[in-house]
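Taking it in order: structure first as structure tokens, then the write-up.
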Amino acid sequence: MLEVGVPESAMVIVAHPDDAEFTVGGTVAKWTAAGCRVTYVLCTDGNAGSLDPDADPQELARIRRAEQRAACATLGVGDVVFLGYDDGQLEPSLELRRDLVRVIRQYKPEVVICWDPTHLFTDGDYINHPDHRAAAQAALDAAVPASGMPLLWPEVGPMHRVRQVYVYGHDQSNFYVDVTETLDQKIEALKKHASQMGDWDPTEIVREWSAETGREKGLAHAEGYRVFTLEQSPPVE
Ligand SMILES: [Zn+2]
């Protein structure tokens, strides 16, 4: 039995292992507990995500895939798809868009969650990674309209219409998920990405972000989205 406001199925599309846990993990944990079938799509393996110049990219990719699977298990995510693009070189190419159309048509999510591709800067101390912007742009372009166009790439599967797109990190969020009860689960999942954490404990910063987002809505902890509703009717099979 699904709770009101929880979709039947959702697909989270991000660039790197750990991106989803840093941002939308509380929503994912809440939705999977409520019966939503969630699929993750990782555009890259994070094979350049190390400051050690002697690190082996292939070994790093292996480690990071395993970390992502462990994080997904913590959050109740059933399927994880790795597209295998190289970390640091992601572009919103037609090839990537087509790969995303393939997985969208395969899993038929009601909702697609991605980041805001226009997000370049945060305050005075963060410049967004180009892979994040590329993954977000490709995700939006694949969700709408490409997946729902029967004459476009029919060889990757029959058309599927995504009903809603949730854009995380939009500066005009219009939907807030109360993640107060799943915040600890989000942090636990994030810590599975041990290769990225080192000695650093992400607990404080993650709690701070969700508290700041929740403050506007009178919630202890929240994750905010700009939600775009594309089809009022159920998705076409
Ligand atoms: Zn990232």
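Throughout, numbering of the chain's residues begins at 1 and tracks the sequence. Being a predicted model, the structure only gives us computed values, none of them experimental. Counting convention: from 1, in listed order, for ligands and their atoms alike.
Within the protein, the N, O or S atoms lying under 2.8 Å from the Zn ion (ligand 1) are H16 ND1, D19 OD1, H132 NE2.
With respect to K192 and E21, no salt bridge is recorded, no charged nitrogen being found less than 4.0 Å from a carboxylate O.
Both M11 and V81 belong to a single network of hydrophobic side chains, linked directly or stepwise wherever heavy atoms of I, L, V, M, F, W or Y lie under 4.5 Å apart.
The environment of CD in E212 is sparse: at most 12 heavy-atom neighbours from other residues, nucleotides or ligands sit within 6.0 Å.
Two rings, from Y166 and W31, have their centers less than 6.0 Å apart.
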message: If you apply the rule side-chain contact (heavy atoms from CB on, under 4.5 Å), what do you find for K191 with D201, and how did you get there?
response: CA-CA 8 Å; K191 286 180 177 175; D201 185 341; 3.4 Å; yes
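Of all heavy-atom pairs spanning M159 and R105, the tightest one is CA-NE, 3.8 Å.
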